[in-house]
Novice: 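Sharing a structure below in structure tokens format, with a few things to ask.
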2 protein chains.
Amino acid sequence: MTDATDFFFDAFGNRNRFRILKSLGNKELCAGELQKELMIEQTNLSHDLKCLLNCQFITVRKSGRKRIYKIKPETKELVEEVSKHIKKYELYLKKCNIIKEEENGEI
Amino acid sequence: MTDATDFFFDAFGNRNRFRILKSLGNKELCAGELQKELMIEQTNLSHDLKCLLNCQFITVRKSGRKRIYKIKPETKELVEEVSKHIKKYELYLKKCNIIKEEENGEI
DNA sequence: TTTATATATGAAAAAAATTTCATATAATAA
DNA sequence: TTATTATATGAAATTTTTTTCATATATAAA
């Protein structure tokens, strides 16, 4: 059973794609700029951007040989809500020792 | 690099856990009731609940041999925001043919 | 019209998440 | 006590997602 919820989380619920959305919150950026800013490998970034585009979180336009990405206003709002929540609950979230417990150092 | 964002999405960004949070939006429920309502297999549900608990999205209390789960008000708000967004963009999201393209029937 | 730059694509490899399964525990009832 | 119900745990199997890699395309510059 696949519904919109799955697509939403597939696109949205990922660290790098969320970072991309946050970066695009302030300003339009082309792929190369995102790459430098976020230190994501070129092909990964390209895959992530495609995913975000397909789920309509962002839009693109061409300019010379660059492709300039822009976040949609609705996406921006949602990203801000979620960011606020994460910030507020940071300490609790970091205490989660179920998932990624080794990395979190709490066995 | 693991930060609060990862923990947030690990717990929140999953279909079944999101369904659990939605069910708990209306009323407190024990594990058995959630199981019936959502048709999630017992051990899976238990793992999911543990994950949600650890990331502080929900709370539990004991009552006899049952464990009654309750969503936190802040989580509820966020779930509502996200639900609204998913509903609004449902058609776009369903058109996403990058992820899960076979299941979506659009090759 | 070749070369360089910016970005995209697709398949295979690797990593991570989810599911399954066998079993454990805790509380109540018989 | 022993049995039963409700739920949790941990490890192995499976599935899904992410990353890597090799290559393609499109635009502009030389």
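Heavy atoms only: backbone and side chains are in, while hydrogens, waters and symmetry mates are out. Proteins get letters first, then strands, A, B, ... in listed order; numbering begins at 1 in each.
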Novice: In this structure, how many angstroms lie between the C1' atom of dT17(D) and the CG atom of Asp48(A), rounded?
Specialist: 11 Å

Novice: Over how many whole Å does the gap from Phe9(A) atom CZ to dA17(C) atom P extend?
Specialist: 16 Å

Novice: Assign Tyr69(B) to base, sugar-phosphate, or nothing according to its heavy-atom contacts below 4.0 angstrom with the strands shown.
Specialist: sugar-phosphate

Novice: Can you tell me how far P of dT18(C) sits from CG of Leu45(B), to the nearest Å?
Specialist: 14 Å

Novice: What's the CG-P distance between Leu29(B) and dT7(D), to the nearest Å?
Specialist: 11 Å

Novice: I want to check one thing: is the phosphate of dT27(D), taken as OP1 and OP2, less than 4.0 Å away from some side-chain N or O of Lys62(A)?
Specialist: yes

Novice: Given dT20(D), dT7(C), dT20(C), identify the nucleotide with an atom nearest to the side chain of His47(A).
Specialist: dT20(D)

Novice: Of the nucleotides dT19(C), dA4(C), dA6(D), which one has an atom closest to the side chain of Arg65(A)?
Specialist: dA4(C)

Novice: Determine: side-chain N/O of Arg67(B) to OP1/OP2 of dA27(C), distance under 4.0 Å, yes or no.
Specialist: no

Novice: Before accepting this row, confirm whether a basic side-chain N of the pair Glu37(B)/Lys27(B) lies closer than 4.0 Å to the acidic partner's carboxylate O.
Specialist: yes

Novice: Quick one: on DNA chain D, does Gly64(A) or Thr43(A) contact a more 5' nucleotide (nearest heavy atom)?
Specialist: Thr43(A)

Novice: Identify which nucleotide among dT17(D), dT18(C), dT7(D) has an atom closest to any side-chain atom of Ser46(B), counting heavy atoms from C-beta outward.
Specialist: dT7(D)

Novice: In whole angstrom, what separates Ile20(B)'s CD1 from dA8(D)'s P?
Specialist: 11 Å

Novice: With heavy atoms under 4.0 Å as the rule, sort Asn14(A) into base, sugar-phosphate or nothing.
Specialist: sugar-phosphate

Novice: From the options dT17(D), dT20(C), dA8(C), select the nucleotide whose nearest atom is closest to the side chain of Glu41(B).
Specialist: dT20(C)

Novice: Check whether any side-chain heavy atom of Tyr69(B) sits under 4.5 Å from a side-chain heavy atom of Leu52(B), and report yes or no.
Specialist: no

Novice: Is the Phe18(B)-Phe57(B) ring centre distance short of 6.0 angstrom?
Specialist: no

Novice: Look at the side chain of Gln42(A) against the base of dA6(C) and say whether a donor-acceptor pair falls under 3.5 Å; ignore hydrogens and angles.
Specialist: no

Novice: Whole-Å distance between dA8(D) C1' and Gln35(B) CD?
Specialist: 12 Å

Novice: Whole angstroms only, please: what is the NZ-P distance between Lys66(A) and dA28(D)?
Specialist: 12 Å

Novice: Phosphate oxygens OP1/OP2 of dT20(C): is one of them under 4.0 Å from a side-chain N or O of Asn44(B)?
Specialist: yes

Novice: Sort out for me which residue in Gln56(A), Glu74(A), Lys72(A) forms a side chain to side chain donor-acceptor pair (under 3.5 Å) with Tyr89(B).
Specialist: Glu74(A)

Novice: dG10(C), dT7(C), dA8(D): which one has an atom nearest the side-chain heavy atoms of Lys50(A)?
Specialist: dG10(C)

Novice: Using modelled atom types and a 3.5 Å cut-off, is there a donor and acceptor pairing between side-chain atoms of Ser46(A) and backbone atoms of Gln42(A)?
Specialist: no

Novice: In whole Å, I'd like the distance from the CZ atom of Arg15(A) to the P atom of dT19(D).
Specialist: 10 Å

